[in-house]
Amino acid sequence: MPGRDAPGSGAGTAGRTAGPVLEARDAVKVFPGVTALDGVSFSLDQGEVHALVGENGAGKSTLIKVLTGVYRLDGGEVRYRGERAEFGSPLEAQRAGIATIYQEVNLVPQMSVARNLLLGREPRGRLGLIDFAAMRERATAVLREYGIDVDVRRPLGSLGLGVQQMVALARAIQADARVVIMDEPTSSLEPREVETLFAVIAGLKARGTAIVYVSHRLEELYRICDRVTVLRDGRAVHTGPLAGLDRLRLISLMLGRAVSEVRAEGLTKFAGHHDSAGEPVLRAEGLARRNLLRGVSLAVRPGEIVGLGGLLGSGRSETAKAIAGALPLDEGRVSVNGRAVPGGSVPAAIEAGVVLLPEDRKAEGIVPTLSVRDNIALAALPRLSRAGIVSEAEVDRVVAAFVDRLRIKAAGPHQPAGELSGGNQQKVLLARWLAMNPKVLLLDEPTRGIDVGAKAEVQALIDELAGDGLAVVLISSDLEELVEGSDRVVVLREGAVAGELHDDITEDGIMAVIAGGGHG
Amino acid sequence: MAEPARGRIAWFQEYGVYAAVGVLLLFNAAFTPHFLALDNFRTQLVQVAPIVIVALGMALVIGTEGIDLSVGSVMALSASVIALYLGYGAAPAILMAVLAGALVGAANGALVAFVGVQPIVATLALLVGVRGLANVLLPQLKEFVNPTLVAIGSDSVAGIPIVVLAAVALTAAVAFVVRRTTFGRQLVAVGGNRAASRLSGLPVRRILLTVYVISGALAAVAGVLATSRLQASDPTSLGLFMELSAITAVVVGGTPLSGGRVRVLGTVMGAVLMQLLQATLIKHNLPQSWTQMAQAVIILAAVYAARERR
């Protein structure tokens, strides 16, 4: 791949003959409480494949939505083919030649492949009626070009996700798109389909189509992308050619950690090592799930905090969910204190003493309409009841104890949990699980999105719980938290264990394993 | 939003239905002749009792973020089953009718909880199918003279009609289930956040199944009471549009359609309010169309208040 830009350049693309085809200049997008884009500049040239990377919340999807007319800008501008563009809707952007292919295929699953492919551009016969024979023929021919051989009369929804994605792609390209934006296009594809996709991308590139490629799979980026823009916390922190950019450097840009940075003293509230002796309480062996996990094994001793590292999409959350019974497994087994836990059943995992603090607090944790009290008691209700009738005194006792111990700040136990701050909601969820007397605590991003004070409290609490002999698995995108909180860090990459760090845990070390370096 | 406005709307949602019932009662006491007569009250309560009973089940279903459109047809099925089994005596006939209702509920619940059909679609299918089944079992209206059944429909204990007593007892039972039992707590949690409930180890499917079984059984009980009052089984028209009356009572009573909350007394008051409104307009010689429009206004007001809450 030819380097298209001078190395080390910023966002500037001056000096090119045609100029950028699509561009964002100082784009600002503010949501209540969050600045999603904080003056981002991004430019896309004709015939280039431009990688857009960043961790969760970096602003990738917001930027895509701004470029395609889903969101309106609060500041800055979007320019398309040299002119200021104000797309009122995704449809307008599409008509102008910007096609977007989302992770979830947004076509009509009930309609035939052919109709989906040619929707709005059906060949017409006499009287303006759709000429179905011509439509089938054309659709079949188009899909053959992409190496897909299917009966185009079948409903799209009956086909595999990979094929559906290719149809979406073919449709976008048929619509004479000048710009194609692909959001994690390979996440649901088989390796063979990925190869087909890459061939299509090469073809598009040759035709001069510009492509924005969003993915977390570094191998893919280095294979097909010319340039990369790294977003972090709503800012574009780097733009430049991908060839020659060190992998470690790319990861450090995404995570916001200098490669050589070594901190003398941490900022987190973790006290440090715990005495973790004896047999592992939790053993997970060969956890496998199609497209998500490829044989993850993990063992945690009582009193030990094991960190799970890796980029977004590396299988961290999936590993936790699988252990907690919330993700059905194709293969693998989980045991607690040597006793096998039936897979795919949350109640069975809870019974065995394994509990999960989910990553998405709002969607999977808090029941907003219920009070703080009922939220805390939710999982433990059967234990706090006799003959199916709740013992209010028992509930009060447990709730009071945990509100006190975790210092949950609420107007009272009857305040709806939906009204609490993020940090207090997280404490409510921790209380819900501690009320179950667990043996293994799986924490998925326990401090994300909560304020500094609450963060320190939660970290100190995790430390204390491990000190009490709980086995803890800690997932965090915050490298500092991972380094200082964990006694051991297991790094995942693409659904498998890529390496493990024991005694000398550093951010550099973790990043090196993520990048595919040593420590194997 | 300004705090006072928000406070007022919250108050309206919490107590609006009680206030509206109070206002209507005062209005009638002042302007409607003979409204305060005991007989009139008795008639109103007897008429509203089946709606209340159906609405109780509906409130539970709506609390789980679902809906049960099949309740009216279940009433019809219960009327048919009574006619079929009345030869064995009143008690077996009633038992079979309630069992039939519970079975329909189990079918609803299985579709929703295990097959994953949307509640509105699953129960719509049974709304149509069960009405058909009721008509197949009993093709036309059939009168009966079973003394026990007739007594249930028309007798009183201590001056209160048995039908009304049944509604009061069932209200108390459902209120107890919602407030005091593990099942009641779990039910609103499932409606408030299903993913969280699942991850907290709640038996989500079993809870959903049970809720629809309860709704079916309660609708069947309402069918039994309505049939015994009619002194005839009428599978063709019994319970027509009952699902709409029940949903209205639930919504007007302040239970949000988005689930996560069940208001039992509010639901009863919602049914009473709609009944009183109808009675008031009829007594003032306003046509039925006026009642319908007035009811529409109340429904919109209730939905608006619920919307402002989030």
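Reminder, nothing fancy here: chain letters follow the sequence lines and each chain counts from 1.
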Closest approach of B:A195 to A:A363 (non-hydrogen atoms, all atoms of both residues):
CB-O, 3.6 Å
Under a 4.5 Å heavy-atom cut-off, does chain B meet the side chain of A:P382, its backbone, both or neither?
both
For the candidates A:L356, A:I366, A:D360, A:I389, which exhibits the highest count of non-hydrogen atom pairs separated by less than 4.5 Å from chain B?
A:I389
Reported CZ-to-CG distance for the pair B:R261 and A:L370, which is rounded to 0.5 angstrom:
10.5 Å
Contact check, side chains of A:T369 and B:V188, non-hydrogen atoms, under 4.5 Å:
no
Which atom of B:N193 lies closest to which atom of A:E364, heavy atoms considered
ND2-N, 4.2 Å
Region of A:I350 in contact with chain B, defined by heavy-atom distances below 4.5 Å
side chain
Mark yes when over 12 heavy atoms from residues, nucleotides or ligands other than B:Q118 sit less than 6.0 Å from its CD; otherwise mark no.
no
What part of A:L384 gets within 4.5 angstrom of chain B, counting heavy atoms only: side chain, backbone, both, or neither?
neither
Cut-off 4.5 Å, heavy atoms of chain A, and the answer for B:L199 is both
For chain B, which candidate among A:N375, A:L378, A:V390, A:V367 shows the most heavy-atom pairs at distances under 4.5 Å?
A:V390
If you look at every heavy atom in B:A196 and A:G365, which pair is closest and at what distance?
CB-O, 3.1 Å
Counting only non-hydrogen atoms closer than 4.5 Å, can you tell me which residues of residues 172-182 of chain B sit against chain A?
B:F176, B:R179, B:R180, B:T181, B:T182
Going by heavy atoms in the side chains, are A:M436 and B:S200 under 4.5 Å from each other?
no
Got a sec: does the CD1 of B:I120 have more than 12 other heavy atoms crowding it under 6.0 Å?
no
Nearest heavy atoms of B:G192 and A:P368, plus distance in Å
O-CD, 3.9 Å
Starting at CZ of B:R185, measure out to CG of A:D374 and round the result to the nearest 0.5 Å.
5.0 Å
Just checking A:E351: does its CD atom have more than 12 heavy atoms from other residues, nucleotides or ligands closer to it than 6.0 angstrom?
no
Which region of A:R361, side chain (C-beta onward) or backbone (N, CA, C, O), has a non-hydrogen atom less than 4.5 Å from a non-hydrogen atom of chain B, or is it both or neither?
neither
